[in-house]
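I am attaching a structure below and will ask some questions about it afterwards.
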Amino acid sequence: MAEVLSVSTGSVAGCRARAAHNVLNQVVLPGEELVLPEHEDVDGLGGAGEQPLRLNSGARPRLRVVCGPGLRRCGDRLLVTKCGRLRHKEPGGGGGGVYWVDSQQKRYVPVKGDHVIGIVIAKSGDIFKVDVGGSEPASLSYLAFEGATKRNRPNVQVGDLIYGQCVVANKDMEPEMVCIDSCGRANGMGVIGQDGLLFKVTLGLIRKLLAPDCEIVQELGKLYPLEIVFGMNGRIWVKAKTIQQTLILANVLEACEHMTTDQRKQIFARLAES
Amino acid sequence: MQRGLDSETKKQLEEEEKKMISDEHWYLDLPEFKEKESFIIEEQSFSLCEDLLYGRMSFRGFNPEVEKLMLQMNSKNKAAAEEEETVEVDVSDEEMARRYETLVGTIGKKFAKKRDRANYEEDENGNIKPIKTKKMFLKPQD
């Protein structure tokens with residue numbers, strides 16, 4: 001009895017740290033500490049009967065590990081800050097791989113390098129104020145468009161939709177956006193065209209829809225000709241030939257988060273008939 | 001008549017200023033510690049974790065420019081993920097060395113004087129190689 005009690009108090013206090021590779025794809029809660037796996041070369045070679053020469057005595061070589069969203073560095077360990085499933089990606093080149101927490105939220109926090117859809121809310125002097133869904137509107141300079149010069153200003157009005165990239169995004173400064181990449185080309189960024197419908201979904205759904213092996217978007221594309229823009233801030237813009245088709249698209253995308261694969265296939269089959 | 005201060009007095013004044021400034025500087029009375037090199041890098045962006053596709057999509061020819069962009073950007077992602085291939089060389093190193101060898105002969109012939117041009121003979125393959133023997137003055141015998 002005493003042993004059981006001590007184990008439970010230990011887990012409640014959160015002092016025990018688990019190894020990260022044991023917890024993959026399981027739910028983790030904020031406050032948990034994860035221990036990274038050490039380099040296992042020495043043990044394997046020792047079993048074969050050979051002793052490897054160690055150039056740096058004592059210190060074992062550690063690989064560089066990237067801790068992604070939902071995790072923080074805490075000494076030598078990872079500290080979980082969001083609840084969700086722990087994921088891991090194997091490294092392509094050198095390095096130890098990426099760990100992150102797959103969590104769900106509706107509120108967007110601007111992150112550097114994200115492609116987002118913004119709504120222009122104000123024009124002041126040389127910059128536009130663009131609402132990105134964060135705590136502050138992002139600023140977008142009028143020179144940050146392809147082919148824009150001081151005399152050749154871009155044609156942007158208040159209320160326009162902009163697809164751009166966050167260049168500065170941290171908690172101390174106002175976020176900044178640009179519609180141009182580092183080479184000076186637009187690459188599809190800029191003002192999004194006329195008509196269409198903008199609606200909001202959760203951030204997790206956007207990532208699910210943009211995954212390389214996502215069937216939802218492919219099946220949608222087979223129904224009728226359409227255009228979609230996904231913003232990492234939870235906003236989707238759709239456009240189809242008629243208003244009814246556009247509304248159907250919007251409803252399907254909003255609902256597919258909570259549907260199983262079979263239900264989704266039924267709905268697509270029904271739509272394809274009509 | 002001396003205007004300005006002596007170099008000595010100048011030095012003294014500078015030293016006094018430095019002392020005053022260093023006295024006013026605040027510093028922490030803590031022992032120095034080295035920050036350990038951290039093997040963990042923090043990133044807040046999801047684009048590094050998951051390979052996400054490009055955000056603009058168009059289907060069945062609704063917007064041809066966006067369809068072109070889709071092909072470009074998604075193939076860029078795949079190309080970056082694959083390993084780099086080795087650069088193919090058109091001319092092998094041995095051939096380059098052979099060519100340079102003959103080059104020395106032809107360029108050398110251009111700058112040699114008329115009398116010395118006879119020193120350059122043609123080889124069997126047609127490569128021009130210089131002969132190293134030069135004509136020296138022969139003293140006439142009695």
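Note: hydrogens, waters and symmetry copies are ignored here, and every other heavy atom, side chains too, is used.
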Proximity breakdown for A:Val109 and chain B, heavy-atom pairs closer than 4.5 Å:
neither
Check this for me: A:Gln26, atom CD, are more than 12 non-hydrogen atoms of other residues, nucleotides or ligands nearer than 6.0 Å?
yes
For chain A, which residues of residues 7-20 of chain B have heavy atoms nearer than 4.5 angstrom:
none
Pair count under 4.5 Å, heavy atoms only, with chain B: among A:Arg87, A:Lys239, A:His115, highest is A:Lys239
Is the shortest heavy-atom distance from the side chain of B:Phe59 to the side chain of A:Val217 under 4.5 Å?
yes
Are side-chain heavy atoms of A:Leu226 and B:Ser58 found at a separation under 4.5 Å?
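No, side chains not in contact.
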Restricting to non-hydrogen atoms, name the atom on B:Cys49 and the atom on A:Lys89 that form the minimum distance, rounded to 0.1 Å.
O-CD, 3.1 Å
Max heavy-atom pair count under 4.5 Å with chain B, selected residue of A:Cys67, A:Gly221, A:Gly231
A:Cys67
Show me, pair by pair, the donor-acceptor contacts under 3.5 angstrom made by side chains of residues 203-215 of chain A, not counting sequence neighbours?
{"from": "A:Arg207", "atom 1": "NH1", "to": "A:Asp102", "atom 2": "OD1", "distance (Å)": "2.9"}
{"from": "A:Arg207", "atom 1": "NH1", "to": "B:Glu50", "atom 2": "OE2", "distance (Å)": "3.4"}
{"from": "A:Arg207", "atom 1": "NH2", "to": "A:Ser103", "atom 2": "O", "distance (Å)": "3.0"}
{"from": "A:Glu215", "atom 1": "OE1", "to": "A:Arg264", "atom 2": "NH2", "distance (Å)": "3.1"}

Where A:Tyr163 and B:Gly55 come nearest, the two heavy atoms and their spacing:
OH-CA, 3.4 Å
Does A:Lys106 have more than 12 heavy atoms from other residues, nucleotides or ligands lying within 6.0 Å of its NZ?
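Not more than 12 within 6.0 Å, no.
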If you count heavy atoms of other groups shown closer than 6.0 angstrom to CD of B:Glu94, is the number above 12?
no
Any idea which heavy atoms bring B:Leu52 and A:Met232 closest together, and the distance?
CD1-CE, 3.7 Å
My understanding is that only residues two or more places apart in sequence, or in another chain, count here; which of them pass side-chain hydrogen bond (donor to acceptor under 3.5 Å, both in side chains) with A:Gln165?
none
Name the region of A:Val229, side chain, backbone, both or neither, that has any atom closer than 4.5 Å to a heavy atom of chain B.
both
First locate atom CD1 of B:Ile40, then atom CZ of A:Arg73, and finally report the distance between them rounded to the nearest 0.5 Å.
6.5 Å
Heavy-atom closest contact (A:Val66 atom, B:Glu43 atom, distance):
CG1-CG, 3.6 Å
Residue A:Leu220 versus chain B: region with a heavy atom under 4.5 Å:
neither
Heavy-atom distance under 4.5 Å to chain B: side chain of A:Lys241, backbone, both or neither?
both
Please name the pair of heavy atoms, one in A:Pro69 and one in B:Gln44, separated by the smallest distance, quoted to 0.1 Å.
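Of all heavy-atom pairs spanning A:Pro69 and B:Gln44, the closest is CG-O, 3.8 Å.
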Name the region of B:Ser47, side chain, backbone, both or neither, that has any atom closer than 4.5 Å to a heavy atom of chain A.
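Contact with chain A involves no heavy atom of B:Ser47 at all.
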One should read off an interatomic distance between B:Tyr54 OH and A:Phe230 CZ, to the nearest 0.5 angstrom, of 13.0 Å
Residues of residues 167-189 of chain A with any heavy atom under 4.5 Å of a heavy atom in chain B
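At a heavy-atom separation under 4.5 Å, chain B is reached by A:Asn187, A:Gly188, A:Met189.
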Within a radius of less than 6.0 Å around CZ of A:Arg72, do more than 12 heavy atoms belonging to other residues, nucleotides or ligands occur?
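12 or below, so no.
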